[in-house]
Structure formats: structure tokens, C-alpha cells
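In what follows, every chain begins at residue 1, and chains take the letters A, B, ... in the order their sequences are listed.
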Amino acid sequence: MIVLSFFKKLKEKITHQTESVTDKFKDGLTKTRNSFSGRMNDLVARYRKVDEDFFEELEEILIQADVGFDTVMELIEELKMEVKRRNIKDSSEVKSVISEKLVEIYNGNEKEDSSLRYGKDGLTVILFVGVNGVGKTTTIGKLAHRFKSDGKSVMMAAGDTFRAGAIDQLEVWGERVGVPVIKQAEGSDPAAVMYDAIRAAKSRGADILLCDTAGRLQNKVNLMKELEKVKRVIEREVPGAPHEVLLVLDATTGQNALIQAKTFKEATDVSGIVLTKLDGTAKGGIVLAIRKELNIPVKYVGLGEKMDDLQQFDADRYVYGLFADAIEEEAE
Amino acid sequence: MAFEGLADRLQSTMQKIRGKGKVSEADVKEMMREVRLALLEADVNFKVVKEFVKKVSERAVGQEVMKSLTPGQQVIKVVKEELTELMGGEQSRIAVSNRPPTVIMMVGLQGAGKTTTTGKLANLLRKKYNRKPLLVAGDIYRPAAIKQLETLGKQLSMPVFSLGDKISPVEIARQALEKAKEDHHDYVLIDTAGRLHVDEKLMDELKDIKELAKPDEIFLVVDAMTGQDAVNVAQSFNEQLGVTGVVLTKLDGDTRGGAALSIRSVTNTPIKFVGLGEKLDALEAFHPERMASRILGMGDVMTLIEKAQANVDEEKAKELEKKMRTASFTLDDFLDQLGQVRQMGPLDELLKMMPGANKIKGMNNLQIDEKQISHVEAIIQSMTSDEKTHPEIINANRRKRIAKGSGTSIQEVNRLLKQFEDMKKMMKQMTGFQQKGKKKGFKLPFNPF
């Protein structure tokens with residue numbers, strides 16, 4: 001075979017990693033994979049030869065994954081070149097080249113480390129931002145659980161003082177996980193909540209402070225300014241903080257996610273993305289475009305409703321999850 | 001990165017055609033490619049796009065576009081017409097049961113905005129239809145979801161029925177219906193937990209609630225920012241529950257909202273309402289034509305005009321027009337105008353609704369500082385009435401005093417005076433032009449920034 005199988009390499013790479021985590025990716029992405037790789041297989045079955053029509057259909061499959069038009073076009077161009085270069089005639093061989101390219105688009109020249117940046121000594125502050133309904137509070141709850149299981153002392157700041165019931169929602173998580181929540185009354189200044197929370201976290205010697213904020217649409221200038229202020233307060237109170245600003249994105253979101261990432265990055269210097277709700281049929285392909293155009297890496301993905309369904313992102317695993325059927329087939 | 005509207009997209013194709021005199025079939029094909037891209041960028045599902053483009057090309061090739069002297073305009077017109085038609089007529093009617101209470105069930109994915117929409121709908125039912133709705137807290141899964149609905153109920157001074165999060169939603173619905181009959185509520189709005197359309201267990205729960213409550217309406221609440229997956233979600237909910245209407249939320253964002261078209265074409269269920277803000281009165285009827293403009297990136301003139309009509313005093317507008325014509329527009333009038341425009345909402349949002357606004361360079365990044373406008377107001381308010389009517393008398397000393405009085409700088413005062421001068425000049429030109437063209441109607445005041 002002319003193509004040194006990328007799938008095989010990917011599989012080997014992943015086997016060295018914890019199997020349970022890989023399974024989580026695989027299970028979480030079942031629905032995603034079924035439609036995606038099902039269509040890929042279908043495509044390969046129908047087109048023996050790699051021709052223009054083949055690429056056109058491939059283009060559609062990728063567009064349907066919300067990858068975004070520009071990224072798809074570039075990918076297709078590169079694929080065409082690669083197919084020519086390696087002299088690939090058989091459509092089934094293209095499959096592995098596609099996933100190879102997808103991982104390459106995501107990783108660029110070097111593999112991105114998706115681990116979080118922690119404070120050198122003492123408190124690490126993580127700020128969560130995003131539009132309404134993406135799952136910020138749930139993500140914070142799950143992360144708190146994760147950190148606590150790792151033996152860290154965690155605190156949470158109820159910075160969503162706007163939405164009805166948001167503070168209570170975080171408090172329920174606090175009770176569930178056994179983590180204190182610093183809060184003020186609904187309608188109070190979120191920057192003041194952060195100030196309080198940092199004071200409390202410092203005096204109690206907490207390791208990690210997770211800061212919730214109200215969901216806001218990125219075109220609301222005043223609300224984005226408010227967010228800048230929240231960040232400034234954190235910066236002022238803890239040198240080097242916030243150590244991470246995580247933008248929470250809903251995997252079902254389409255092209256608007258790119259604008260979200262851009263605007264939130266401008267306002268708060270986003271350092272990473274949490275991609276939620278990836279256990280539906282949505283593929284969250286827009287993260288590829290975000291990574292490519294704005295260079296923001298994905299740090300975590302939400303693969304289910306349970307507390308430990310939030311997993312550290314791994315581009316290999318993500319692509320493996322998308323193509324799992326194809327990979328199994330070939331590795332056998 | 002910037003998403004171009006269809007008009008911008010067609011521009012380059014148009015340039016090629018210009019001078020050719022006749023539009024060939026190949027030209028139409030090229031235009032259709034741009035139509036396809038515009039729709040895909042707006043998140044319309046690719047299958048829907050495919051069908052749509054096919055339909056439009058047929059119309060385009062067969063006469064309408066090829067014979068037109070302005071093929072670009074014609075394509076846009078055809079596309080917009082077809083889009084509007086596909087999204088259906090105005091459908092904001094809500095069912096009324098002849099055996100009250102009328103039951104409405106809210107369903108959708110997590111985070112779509114069901115609970116907020118439930119509150120907004122209750123508000124609308126009371127305000128517009130004079131109804132007495134009972135809100136039912138059926139989301140027992142998400143932490144504090146019940147509390148959220150209760151808080152909304154408190155804000156609206158409306159009763160909320162809840163049994164905590166230990167009782168099954170089906171039982172909650174059953175008891176809520178009894179309670180509604182007892183207390184003579186004519187509407188019952190059942191909020192349900194967000195769930196994935198592929199979660200069989202939770203979808204079965206919805207079927208059970210439906211079986212029991214026999215809702216007159218099942219509203220699917222969908223986030224307007226949803227991408228290609230919108231079709232799967234809508235189709236799945238519709239197949240399993242039989243959705244009667246769709247509510248599109250978060251349309252106050254800057255998404256093109258192509259999901260609207262996708263949902264409509266796969267479910268054939270009308271989009272009834274759109275959510276346009278976080279406040280409880282921010283729920284409006286769906287207008288297919290406006291949505292079509294939005295998907296095509298053409299601006300939302302109708303909403304702008306409506307906002308203007310709702311907030312601008314007719315008399316004052318007439319007076320202003322006269323003043324503009326006779327060039328007797330003073331700083332006082334200007335101040336008045338600023339006040340009226342500000343009532344319409346944040347300025348940058350207004351500007352974005354203007355057609356062609358996205359063509360102006362840097363417009364997308366333009367953010368108008370509302371504070372700056374407050375400064376302008378302060379400056380004008382610090383002038384004597386003489387100064388306001390005859391700004392030419394404002395000399396260096398007066399400028400100093402005005403700056404001091406308004407807490408601004410002399411530079412700012414200078415800038416304002418200069419802008420005002422320019423504006424007056426522009427008005428003269430405009431009114432001259434307008435008298436020639438005999439156009440009339442409401443005019444937006446100039447924005448000096």
C-alpha cells in the first residue's frame with residue numbers, strides 16, 4: 001500500500017493512552033460518528049474513483065459537520081494535491097488522508113497541549129465566558145468535581161448575577177460536589193462578586209477558583225465591557241490571573257461560533273475553549289476553523305450529562321471518535 | 001472572517017457581466033454559486049440549500065434574470081421572494097382550546113432558552129390576549145431550573161406550579177392541570193427539561209407528558225445560532241412529538257439565523273415567535289420577509305422603521321423635516337433628535353439594521369460609545385439659547401466656558417461644532433436632491449460619529 005496507514009498510527013498512538021478515556025470519546029461521539037463516518041463509507045462505496053464529483057460530495061459532508069466553508073475549501077484543495085502527489089486512485093485510501101489532514105489542520109506544526117495553565121504558587125483563577133445557554137455553569141460544576149477528585153481545594157464564584165436562578169444553579173453544584181460558592185444577591189455587580197471570591201479564596205488558601213459569568217451575546221457592547229471589567233478586577237487582585245479564560249461553546253452552534261470566539265477573545269483574551277454537548281448529533285466542526293483562524297485551542301469537551309463526562313480534549317481522539325468505524329475496520 | 005451578504009457576494013460576478021450586454025447560462029450558474037455560499041455561511045442546511053438553489057436557478061434561467069437589465073438585483077429579488085415564501089406567512093397565532101385550559105408544552109435542546117421563553121410567552125398571553133396563564137415547572141433535572149421559573153413568575157406576578165424535583169414531570173403535569181381547572185386558568189404553559197433529540201429515555205418522557213396533558217400546542221424552542229444540525233434536531237422532535245410551532249431564540253445576536261429556513265423546510269412547521277432579548281417582553285411575532293433579509297445579510301429595514309415609528313413623535317418629525325428643508329436646524333433640534341434616536345435602542349444595533357451598513361468599511365467593528373453621546377448632550381446643554389440658535393457666535397471664551405460647564409474639553413466642543421456645521425451643509429444638499437426626486441417619508445437624523 002502506498003499510503004502508510006494513518007489510521008493504524010492513530011490507533012497505535014491511542015492504545016498507549018488510557019483505554020477508558022478513549023472509550024468515553026468513542027461512546028460520546030457515537031451519534032456524531034454514525035452519521036459522519038456512515039456518510040463517508042457511503043461516499044467511498046459509491047465512488048470507486050477519486051474524481052471531481054467525489055470531492056464535491058466530500059465537501060458537503062464536511063460542511064454538514066459545521067467545519068465552515070473556507071476551511072472546507074482549503075482542506076479540499078490540500079486533499080486534491082495530496083491525492084495527486086501520492087497517486088491515489090482508490091477512494092477508500094482517501095479516507096485516511098482526510099483524517100490525517102483534519103488532525104493536521106487542528107494541530108498545525110506541533111501538537112497542542114490541552115492541559116490548563118496553573119498559578120505558579122497559590123491560587124489559580126479560571127474565568128468562564130460565553131453566550132447564553134452554552135453550559136457554563138454545568139461545565140464549572142463538572143470541572144469542580146474533577147479538580148476535587150484530584151485532591152485540590154476548589155471554590156466557585158457565582159458571577160452570573162443576571163439570569164433568574166443562576167446563582168441557585170451554581171449552589172446546587174456546590175452542594176453536589178462539596179465545594180463552597182461565593183455569592184452576592186441577584187443583580188449585584190459581578191466584578192464585586194469576583195473581588196469577594198478572590199479575597200475568600202486567598203484567605204482560605206484555596207488552590208483553584210472557578211468564576212462563573214452571565215451568558216451574553218457577543219454583540220452586546222455594554223455586556224462585553226462588563227466582562228472586561230470583571231477580568232480587570234481579577235488581574236488586579238491576583239498577579240498573573242486569570243490563568244485561563246475559557247470560552248464555552250455549544251457544539252450545535254454554526255458559523256456564529258467563529259464570531260463568538262473572535263469577539264470574546266478581543267474582550268477577554270480567551271485562552272481555551274470548552275466544547276459542550278458533543279454527545280448529540282452535532283459535530284462541532286467549527287472548532288477547526290477557530291483553531292486555524294484564531295489559534296484558540298480546545299481544552300475540554302462535554303460528552304454527556306454525568307459529572308465525569310467532561311474530558312480533556314485530544315485532537316487525535318476527536319478525529320478517532322469521528323472516524324472510529326473506519327479505523328477499526330482498517331486496523332483489523 | 002467577515003460574513004458577506006448576498007449583495008456583496010454578487011458584486012464581483014456582476015462586474016464581470018457588466019459590459020457583456022447579455023447574461024449567459026454560465027453567468028447564472030456563477031451567480032447561483034454565490035447564492036449557495038451566502039446561504040451556507042448563514043448556516044442553512046446544505047441539503048436545503050441544494051434544493052433551494054435548484055429552484056431559484058430554474059426561475060433565473062427561465063427568463064426573469066437573463067432578460068433583466070439588472071441581473072444582480074433580479075437574482076436577489078428572486079432569492080428573497082423564494083426564501084420568504086419558503087418560510088411561510090405570518091404565523092404568530094396561538095391555539096385556543098374550546099375546553100379550557102389551553103395547554104402549551106415547551107420542548108427543545110439544553111440551553112435553547114425554554115424557561116425564559118416560557119416566561120415571555122406567559123407575559124405575551126396576558127398582555128396581548130388578556131389571558132391568565134399558569135406556569136408549570138417541569139424541568140426536574142437541571143439544577144435550579146424550577147427556581148428560575150419561579151423567579152420569572154415572581155417578576156411577572158404570575159403563579160408557578162411546582163412539586164420540587166423529586167416528582168416525575170408527568171405527575172407534575174397531571175396535578176398542574178387539576179390546579180389550573182380549580183383556579184380557572186385559561187392557559188397552562190409546561191416547561192420541560194432540555195434534552196438531546198437522540199436521548200430515547202428522555203424523549204419517551206416527553207411522549208408521556210404529551211399523552212397525559214394532550215397539549216394544544218407543542219412549541220419547539222431552537223437557538224437561532226444552531227448550525228447544520230438544526231435539521232436533525234427539528235426533524236427528530238417533530239417526528240416523535242408532532243411539533244405545532246417553533247420559537248427561534250437569541251435572534252438579538254449577530255447570527256444570520258439560517259437555521260430558520262432549515263427547520264421550516266424539513267418540518268413544515270411554522271416559526272411562530274422570535275426571542276429578541278433577555279427582558280420578558282422581548283418576544284415578537286416571526287416575519288418571514290425580515291428573516292429572509294437577515295439570512296441574506298441585507299439588513300432589517302422593517303424592524304428599524306417599526307422602532308422609529310414607535311418612538312418618534314410624528315409632529316416633531318414633520319417639524320424637523322421642515323427645518324431641514326429651510327436649513328433652520330439648530331443645536332436644540334439636534335439635541336432633541338439625539339434623545340429620540342436613543343429611545344429606539346443602542347445606536348450600533350440600529351445602524352446594523354440599516355441596509356448597506358455592512359458595506360461601509362469598518363462598520364462591523366464600529367462600536368458607538370454611548371458615553372460620547374452623553375458628552376454631546378452635555379455640551380449642548382451647557383450653551384445659552386442664543387448660542388444654540390446661532391452657533392457662529394461661539395468664540396474662544398464661550399468655548400472655554402461650555403467645555404468647563406459640560407465637564408468636557410475645548411477640543412470636544414470644537415469637534416461638535418464642526419460636525420454640526422458639516423451636518424447642516426449635508427442637509428442642504430440632501431434636501432435639494434430630495435426636492436428633485438420628490439421623495440418623501442421619514443428620515444433618520446444624521447449620525448455625526
- Item | A:Val154 vs A:Leu210 side-chain heavy atoms within contact, under 4.5 Å |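 Yes. Closest side-chain heavy atoms under 4.5 Å.
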Query raised in the report: Between A:Asp160 and A:Phe162, is any pair of side-chain heavy atoms under 4.5 Å apart?
Result: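 Contact flag for A:Asp160/A:Phe162 side chains = yes.
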Can you see whether [X] engages [Y] through a side-chain donor-acceptor pair at a distance of less than 3.5 angstrom?
{"X": "A:Gln260", "Y": "A:Asn256", "value": "yes"}
{"X": "B:Gln110", "Y": "B:Arg195", "value": "no"}
{"X": "B:Arg142", "Y": "B:Gln148", "value": "yes"}

Winner by heavy-atom pair count (cut-off under 4.5 Å) against chain A, out of [options]:
{"options": "B:Lys50, B:Glu150, B:Lys154", "value": "B:Lys50"}
{"options": "B:Ser236, B:Pro143, B:Ala230, B:Ala144", "value": "B:Pro143"}
{"options": "B:Asp199, B:Asp43, B:Thr249", "value": "B:Asp43"}

Which portion of [X] sits near chain B, non-hydrogen atoms under 4.5 angstrom:
{"X": "A:Met224", "answer": "neither"}
{"X": "A:Glu186", "answer": "side chain"}
{"X": "A:Glu175", "answer": "neither"}

- Begin with the C-alpha distance, continue with both residues' side-chain angles, and end with the deciding distance and a verdict on salt bridge (Lys or Arg N to Asp or Glu O under 4.0 Å) for A:Lys262 and A:Glu266. CA-CA 6 Å; A:Lys262 186 172 177 268; A:Glu266 277 163 11; 3.5 Å; yes
Next on the checklist: With a 4.5 angstrom heavy-atom cut-off, is it the side chain or the backbone of B:Leu149 that approaches chain A, or both, or neither?
Outcome noted: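 When you check distances to chain A, no heavy atom of B:Leu149 falls under 4.5 Å.
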For this session: Let me know if B:Leu37 has heavy atoms under 4.5 Å from chain A in its side chain, its backbone, both or neither.
Result: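 Just its side chain gets close to chain A.
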- prompt: Counting heavy-atom pairs under 4.5 Å to chain B, which of A:Ile63, A:Asp66, A:Ile167, A:Thr138 comes out on top?
  reply: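 Top option by heavy-atom pairs under 4.5 Å: A:Asp66.
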Between the main-chain N or O of A:Lys265 and the side-chain N or O of A:Thr268, is there a donor-acceptor pair closer than 3.5 Å?
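Looks like no, no N/O pair under 3.5 Å.
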